[in-house]
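Treat the numbers as computed from the prediction; the structure is a model and nothing was measured. Atoms within each ligand, like the ligands themselves, are counted from 1 in listed order.
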Amino acid sequence: MESGASLQKGSSDGYSSEAAAGSQEQPLVSVSAVLPAGGTGERMGGGTPKQFCRILGRPLISYTVQALERISWISHIIVVVSIENVEIMKSIVKQYGHKRTIIAEGGTSRHRSIFSGLKMFVKNSLIQKPEVVIIHDAVRPFVEKDIIFKVVMAAKEYGAAGAIRPLVSTVIASSPDGCLDHSLDRAKYRASEMPQAFLFDIIHQAYHQCNDYDLDYGTECLHLALKYSKTNAKLIEGPPDLWKVTYKQDLYAAESLIKEIISQQVCVITDMNENAVQTGFLLHETLKSHVKLVKSLSLILCKDSNHLQNILLGQCYNFICISDILSNFQETQQLVKILEKTNASVLSSIVLISVHMDDLENAAFSSEMHSFVELAKEVKKKNIFLYGLIIHYQQDNLKLQETAETAATLITALIRDRNPAFVGQLLVA
Ligand SMILES: Nc1ccn([C@@H]2O[C@H](COP(=O)(O)OP(=O)(O)OP(=O)(O)O)[C@@H](O)[C@H]2O)c(=O)n1
Ligand SMILES: O=C(CO)[C@H](O)[C@H](O)COP(=O)(O)O
């Protein structure tokens, strides 16, 4: 099975990848996209262009490609990279299994790279020229289906459209002596963001007509459509997550946001043992106040559990596997096998917390612990982070509730941090 899981917010039930992608509507025109990714990331500094910087182990550009790839009505995604990064981009496409992605060689400016991407639709007879083309910076990974759909529909109607945001700071102009000349009324202006979309012929023609100055110094595609194709773009207010990764601190912000998104869904799986089911129920209820969506299943795991595969497709990267005693972690092993088979951990680390009801004096404890640590080490290589959690099962309901609270806090911390250093460790609630 190919992994379709991805990192988007806003799923209605959280367990269907179509629903997770937002609106089910189709634009009823042919649509393709160009992702300019040919820059050097001067403002970020460092040797690696920002689109290839790794966030949680994966290059930033892969997140952006995935955000577009998951929208079934986008036919082709042209990723434009500088000539020296073509091989790197090819290996990213291969490693993360990106589909419908075509690599083009960029130019010395963003506009030149975009133009080069657009030309692919004309010169490559295998790629059909779309009616509407989306242009989206490769360094804006948090774009969602909803805003893409809106700009595409507006481009279909108006010829050009782009996402905008309110200004964060006031824009001022300085005089030649470095003093304030004038300031703009912030309420009247907007920041131009991405995605933008255009009727293909409008933007293609604008790029053909524009001069070298536009190509080398211009920063706004909507402006080219206005100046050369006489098209006033429709402006659409977008969500705050559209920001562009530009400075080093933006990488930390992007990592936090990705962690936040992937920690929002948890699947609790219990075996059929009565105590495990009861603990699972308690954890389910307690976790609800820590994360957005908790799904619980009581089942006997088998290799081809379709149910679980659907959950993975619905972008769930966090699993809690509850079994009665520590000496019995076959359930966890079985779940590991299923997770490995889905390939979902290629795109994001999967956190698997193996919960056991036991007391620490149990004779089986030390011998099983060794196998558990070995399993954790092994699956860490496949980006599956396995942690252990012992819940001291008590008949007293109040005490059990308290323990469940502690367990939920520990689980949430493990899921949010996704810290490889704690893999194979056994925590006690
Ligand atoms: N010759 C260029 C320059 C930029 N871009 C792309 O345009 C997007 C937005 O540009 P920007 O944030 O300015 O990226 P850089 O030019 O890499 O950054 P800097 O200006 O700091 O050097 C990025 O995805 C970048 O890779 C491009 O395709 N070709
Ligand atoms: O925000 C944008 C709207 O068009 C572009 O992403 C922006 O202009 C890119 O410019 P630069 O390469 O200077 O960062």
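- Considering CG of Leu222 and CG of Leu235, their distance stands at 7.0 Å, rounded to 0.5 Å.
- Counting heavy atoms only, Gly39 comes closest to atom 16 (O) of ligand 1 of the residues Ser116, Ala104, Gly39, Gly45.
- Salt bridge status for Asp185 with Lys188: absent, with no side-chain N to carboxylate O gap under 4.0 Å.
- Against a heavy-atom cut-off of under 4.0 Å, Thr108 is close to the following atoms of ligand 1: 1 (N).
- The distance criterion of under 3.5 Å between nitrogen or oxygen atoms is not met by Val245 with respect to ligand 1.
- Residue contacts with ligand 1 for Ser113 involve side-chain atoms from C-beta outward but no N, CA, C or O (heavy atoms, distance under 4.0 Å).
- Atom CD of Glu42 sits in a sparse spot, with 12 or fewer heavy atoms from other residues, nucleotides or ligands closer than 6.0 Å.
- Looking at Lys50, Gln51, Met194, His111, it is Lys50 that brings a heavy atom closest to atom 14 (O) of ligand 1.
- The proximity of Val81 to ligand 1, defined as any non-hydrogen pair under 4.0 Å, does not occur for either the backbone or the side chain.
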Practice item. With side-chain hydrogen bond (donor to acceptor under 3.5 Å, both in side chains) as the test, would you mind laying out the steps for Arg416 and Asn318 before giving the verdict? Key: CA-CA 10 Å; Arg416 292 236 160 98; Asn318 308 297; over 6 Å; no
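- Annotation: the span from Leu335 atom CG to Ile350 atom CD1 amounts to 8.5 Å, rounded to 0.5 Å.
- Not a single heavy atom of Thr246 sits closer than 4.0 Å to an atom of ligand 1.
- With hydrogens and angles left out, the side-chain atoms of Glu220 and Ser192 include a donor and acceptor closer than 3.5 Å.
- By the neighbour-count criterion of 12 heavy atoms within 6.0 Å, atom CD of Gln209 is densely surrounded, having more than that number from other residues, nucleotides or ligands.
- In the displayed structure, Phe281 atom CZ is contacted under 6.0 Å by at most 12 heavy atoms of other residues, nucleotides or ligands.
- With Ser30 contributing its side chain and Glu131 its backbone, the two residues share a donor-acceptor pair below 3.5 Å.
- When ring centroids are compared, His111 and Tyr217 stay outside the 6.0 Å threshold.
- Contact between Ser109 and ligand 1 is present, with at least one heavy atom of the residue lying under 4.0 Å from the ligand.
- Evaluated by nearest non-hydrogen atom to atom 15 (P) of ligand 1, the leading choice among Ser82, Gly41, Gly106 is Gly41.
- Interface atoms of ligand 1 facing Val139, defined by a heavy-atom separation under 4.0 Å, are 23 (C), 24 (O).
- Within the set Arg112, Arg110, Arg43, the minimum heavy-atom distance to atom 13 (O) of ligand 1 is found for Arg43.
- Where the criterion is an N or O separation shorter than 3.5 Å, residue side chain and backbone included, Val80 fails it with respect to ligand 1.
- Every atom of ligand 1 is numbered from 1 in the order shown, and the set under 4.0 Å from a heavy atom of Ala138 is 24 (O).
- Considering backbone and side-chain atoms alike, Met44 places every N or O at 3.5 Å or more from each N or O of ligand 1.
- The closest approach between a heavy atom of Pro49 and any atom of ligand 1 is not below 4.0 Å.
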